[in-house]
Amino acid sequence: MINMTALEDHAGDITRKARQAAGVNTAEAAKAAGISEDEYAKWEQNGSSPAEIDFPSLCSLLELNPAKFQTILDGWLPIKRDLAQWRFLEIITTARHGNAANCYIIRDETTGAGALFDTGWEPSSVIDIIRTNNVEPLYLFITHLHHDHVSGLDMLKKEFTKMHVQDAGSTGTNPFSVGALNVTPVRTPGHSSDGMSYVVSGFPGGAPAAAIVGDSLFAGSIGNGFFSFNTLICNVREKILSLPGDTLICPGHGPLTTVTEELEHNPFF
Ligand SMILES: [Fe+2]
């Protein structure tokens with residue numbers, strides 16, 4: 001079972017990423033936390049610690065917002081949303097070896113034109129949704145080329161031969177039309193060098209825009225900074241969290257969230 005109600009990252013993951021972003025070693029972090037290095041290593045791994053941790057001191061060293069971090073410790077979760085309002089936007093979560101990844105489908109309600117965002121581990125449920133809802137997929141937008149996001153690429157290309165595949169290499173920043181929907185590509189490297197986000201607007205009934213952000217941002221956390229944590233944090237701050245507050249954020253892993261919720265709870269910002 002995929003638990004979509006839990007955050008992608010526990011509090012230990014958040015401190016590990018913040019520590020790497022700040023260039024702090026585990027000995028320094030353990031000292032600030034007031035625990036042994038061994039206990040600190042376990043904390044980063046499990047997000048729980050039998051020894052009491054000095055979180056204000058740890059947050060100060062790791063440049064995390066202590067009040068927002070406390071809301072994560074207290075079990076904050078983003079509000080669960082009914083996607084019916086977006087007519088339509090679907091999230092599909094597939095898993096391999098316990099690793100779950102999200103991909104997304106949009107469809108313009110008048111023309112049936114649609115687009116996919118990433119493929120997930122395997123695309124059979126994506127293909128089912130496209131067939132059942134008479135979606136005509138014009139584009140497959142790729143957030144980045146990690147396996148969990150593109151494993152279904154070959155199968156989808158065979159299935160939908162007219163669909164154009166767009167990734168960082170082929171996509172500029174001009175908007176794409178998908179019926180009445182607009183898809184604006186935004187460059188958000190940091191997790192990977194080829195990181196892209198896509199802002200979708202024009203949903204009927206005044207539904208807020210949706211930003212498909214790949215592994216740049218997770219509810220309450222950020223992706224790993226495999227390319228550069230500093231670049232990642234800058235891009236998320238300037239290009240994603242600067243969008244209107246009600247923008248729905250659709251991450252590559254974990255639950256949906258919004259700009260407002262992230263500004264209130266994400267301790268990296
Ligand atoms: Fe990734």
Side-chain angles (χ1 to χ4, degrees), residues 2-4 6-10 12-21 44-45 47 78 90-105 115-123 125-126 139-157 165-171 173 183 185-200 210-241 248-257 262 266-269:
I2 299 162
N3 182 1
M4 281 299 292
L7 294 179
E8 172 67 11
D9 283 352
H10 58 59
D13 293 321
I14 292 170
T15 48
R16 194 248 314 152
K17 288 175 177 175
R19 182 177 59 72
Q20 291 169 340
E44 283 197 354
Q45 197 152 38
E90 290 275 335
I91 175 171
I92 300 104
T93 305
T94 56
R96 187 177 289 173
H97 308 307
N99 295 319
N102 301 329
C103 59
Y104 298 88
I105 304 177
L116 318 183
F117 299 87
D118 291 344
T119 73
W121 284 109
E122 69 84 30
S125 43
V126 171
Y139 301 103
L140 165 55
F141 295 102
I142 304 287
T143 63
H144 64 301
L145 291 169
H146 288 168
H147 289 314
D148 47 343
H149 295 261
V150 293
S151 284
L153 192 53
D154 288 345
M155 207 198 284
L156 284 170
K157 279 204 274 196
V165 179
Q166 302 292 145
D167 63 15
S170 57
T171 300
T173 49
V183 178
V186 181
R187 295 196 183 278
T188 49
H191 171 69
S192 60
S193 61
D194 65 341
M196 295 294 299
S197 297
Y198 300 94
V199 179
V200 186
I212 290 97
V213 300
D215 292 355
S216 297
L217 177 62
F218 303 142
S221 187
I222 55 173
N224 277 303
F226 295 128
F227 177 63
S228 158
F229 268 114
N230 288 340
T231 307
L232 177 62
I233 290 168
C234 279
N235 278 325
V236 170
R237 181 182 285 119
E238 288 167 17
K239 299 179 185 173
I240 299 173
L241 297 181
L248 183 70
I249 295 175
C250 305
H253 304 275
L256 300 164
T257 180
E262 291 312 301
N266 193 314
F268 287 92
F269 302 99

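Both counts, for ligands and for their atoms, begin at 1 and track the order of listing. Values below: every heavy atom of this structure, side chains too, minus hydrogens, waters and symmetry copies. The residues of the chain are indexed from 1 along the displayed sequence.
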Sphere of radius 2.8 Å around the Fe ion (ligand 1) - protein N, O or S atoms inside
His144 NE2, His146 ND1, His191 NE2, Asp215 OD2
Asp148 side chain to His253 side chain, donor-acceptor N/O pair below 3.5 angstrom
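Yes, a side-chain donor-acceptor pair sits under 3.5 Å.
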Report yes or no: do Asp194 and Ser192 form a side-chain donor-acceptor pair below 3.5 Å?
yes
Salt-bridge contact Glu122-Arg96 (side-chain N to carboxylate O under 4.0 Å):
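Between Arg96 and Glu122 there is no salt bridge, as every charged N stays at least 4.0 Å from the carboxylate O atoms.
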Taking salt bridge (charged side-chain N to carboxylate O under 4.0 Å, His left out) as the test, write out the residues that go with Glu8, two or more places apart.
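For Glu8 there are no salt bridge (charged side-chain N to carboxylate O under 4.0 Å, His left out) partners, ignoring immediate neighbours.
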For Asp9, check salt bridge (charged side-chain N to carboxylate O under 4.0 Å, His left out) against everything at least two apart and list the hits.
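Asp9 satisfies salt bridge (charged side-chain N to carboxylate O under 4.0 Å, His left out) with Lys17 only.
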Non-neighbouring partners of His147 that pass side chain to side chain contact (heavy atoms under 4.5 Å, CB included), sequence neighbours left out:
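Residues passing side chain to side chain contact (heavy atoms under 4.5 Å, CB included) with His147: Trp121, Ser151.
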